[in-house]
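Working notes, structure below.
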Amino acid sequence: MDMPAIISEYFPGISAESISEAVEDYQPAWQVIKHTWSNETLKEIMQGKVSVPDSVINEAIAESLQAEKDGSEAAAEPPVTELKLTSRENGRLEIFANTKKIGRVEFSGTIEEFVHNKEDSHVTYRVRERALKDHGLASWFFSRISMSLSQKLFGKLDLGESLPTNIKGNYITVDCRKALEQSKLAKAEIKGYPVLDMLEIKNAVPHDGYIMFETRLNIPQEIQVAALDLLLRRHTQEGN
């Protein structure tokens, strides 16, 4: 049983705010968590559903691309200079990319799989429609052949070293592990356990202007016991 289930079943009088206050003893990890997620987002994570606006995702992508650019040699231009997502109510996810090799590219498709856990972190995107915005006749061919064949003709769609990409048929799988390992959240630990490993994502569905992620907290038993001890002591002190 994870932490939210324990609290709701046995200690219904303890609020999310009191949890935040008690867990503040776990510094500096808690500061990183609060910087990454708002109180409202933390509540959503505990409830298993998190809605993330496109603007937040696009801001994170822009920061990642900038870090990729800053980390490369001055003469080396990143393979993708711009990448933006637009979520639609019908479950479609539209992607705009400005690339070094083939210019501006637009995709429309669906998220077939989104997985994040201790062992794996990847997203698989199925391309259903695509276009090359800077090429007339080439765009016509590009829209009618598979992605795996198009990369042989037009070059591989490369997102950089931090986001290894594999294309098979019309399915694009992006390995997110390396990019996440470079984040501040990945460096935060509680009692030696990485905070990033405690969050699991099992699914992602686009809606109008945001993506809904299905989440689960996987908190080690040692941390559950310690946090509950803090909560109980605080709850007892407030009751006296």
Side-chain angles (χ1 to χ4, degrees), residues 51-116 120-180 182 201 203-213:
S51 56
V52 182
D54 291 348
S55 58
V56 173
I57 298 174
N58 288 327
E59 183 180 347
I61 291 173
E63 290 178 358
S64 178
L65 290 176
Q66 185 61 46
E68 185 83 19
K69 180 180 179 180
D70 295 342
S72 62
E73 297 179 3
E77 184 180 351
V80 175
T81 58
E82 185 180 6
L83 187 67
K84 290 185 177 179
L85 309 183
T86 302
S87 305
R88 300 299 184 187
E89 184 61 42
N90 61 1
R92 286 289 187 103
L93 180 65
E94 297 174 359
I95 301 176
F96 169 82
N98 200 346
T99 70
K100 176 182 177 182
K101 291 183 178 180
I102 55 178
R104 295 175 299 161
V105 190
E106 289 184 353
F107 300 104
S108 178
T110 52
I111 298 175
E112 297 297 308
E113 188 176 47
F114 196 113
V115 174
H116 170 73
D120 185 20
S121 186
H122 73 269
V123 56
T124 298
Y125 177 76
R126 183 180 180 181
V127 178
R128 297 182 181 273
E129 299 173 10
R130 58 269 191 196
L132 297 176
K133 304 304 292 182
D134 298 321
H135 305 273
L137 183 60
S139 183
W140 185 87
F141 283 105
F142 181 73
S143 67
R144 284 161 174 78
I145 60 178
S146 69
M147 287 299 301
S148 55
L149 179 57
S150 68
Q151 71 173 341
K152 295 178 181 179
L153 298 177
F154 301 100
K156 183 179 179 181
L157 183 63
D158 189 359
L159 298 180
E161 294 182 1
S162 61
L163 291 170
T165 304
N166 180 52
I167 298 176
K168 187 175 182 180
N170 284 323
Y171 293 83
I172 302 175
T173 299
V174 180
D175 188 338
C176 308
R177 194 73 200 181
K178 186 174 182 180
L180 288 173
Q182 296 172 353
I201 300 176
N203 194 23
V205 179
H207 294 269
D208 188 18
Y210 68 95
I211 298 178
M212 180 69 74
F213 293 90

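- Considering every non-hydrogen atom in both E82 and V80, the closest pair reads O-CG1, 3.3 Å.
- D54 and S87 share a side-chain donor-acceptor pair at under 3.5 Å.
- Contact annotation: the side chain of H207 approaches that of V205 to within less than 4.5 Å [non-hydrogen atoms, C-beta and beyond].
- Of the possible polar contacts, none joining the N98 side chain to the T81 backbone as a donor-acceptor pair under 3.5 Å is found.
- Inter-residue side-chain proximity for S148 and K168 is flagged as unmet; no heavy-atom pair is nearer than 4.5 Å.
- R128 places a side-chain heavy atom less than 4.5 Å from the side chain of T110.
- Under the 4.5 Å side-chain criterion, counting only non-hydrogen atoms from C-beta, I111 is not in contact with T124.
- At a threshold of 4.5 Å between non-hydrogen side-chain atoms, the residues E112 and Y125 do not count as touching.
- Expressed to the nearest 0.5 Å, how far OG of S108 lies from CG of N90 amounts to 7.5 Å.
- In this structure, the separation between CG on N170 and CZ on R126 is 7.5 Å, given to the nearest 0.5 Å.
- For the atom pair I102 CD1 and S150 OG, the distance stands at 7.5 Å (nearest 0.5 Å).
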Worked check of side chain to side chain contact (heavy atoms under 4.5 Å, CB included) between I57 and E59: CA-CA 5 Å; I57 298 174; E59 183 180 347; over 6 Å; no
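- For the atom pair CG (L149) and OG (S146), the distance works out to 5.0 Å, reported to the nearest 0.5 Å.
- Counting only distance, with no hydrogens or angles, the side chain of D175 and the backbone of P164 share no donor-acceptor pair below 3.5 Å.
- Atom OG of residue S143 and atom CD of residue E129 lie 9.5 Å apart, to the nearest 0.5 angstrom.
- Between F213 and F114, the ring center distance clears the sub-6.0 Å criterion.
- Test R177, H116, K178 against S121 for side-chain hydrogen bond (donor to acceptor under 3.5 Å, both in side chains) and you get one pass: H116.
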After noting the C-alpha distance and the side-chain angles of E94 and R92, does the key distance pass the salt bridge (charged side-chain N to carboxylate O under 4.0 Å, His left out) rule? CA-CA 6 Å; E94 297 174 359; R92 286 289 187 103; over 6 Å; no
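- Here the straight-line distance linking atom CZ of R104 with atom CZ of F96 works out to 6.0 Å at 0.5 Å rounding.
- No side-chain heavy atom of T173 sits less than 4.5 Å from a side-chain heavy atom of T165.
- Using a 4.5 Å heavy-atom threshold, the side chains of L93 and I211 count as touching.
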Side chain to side chain contact (heavy atoms under 4.5 Å, CB included) for F107 and V105? Distances and angles first, verdict last. CA-CA 7 Å; F107 300 104; V105 190; 3.3 Å; yes
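- With a 4.5 Å cut-off on side-chain heavy atoms, L83 and I95 count as touching.
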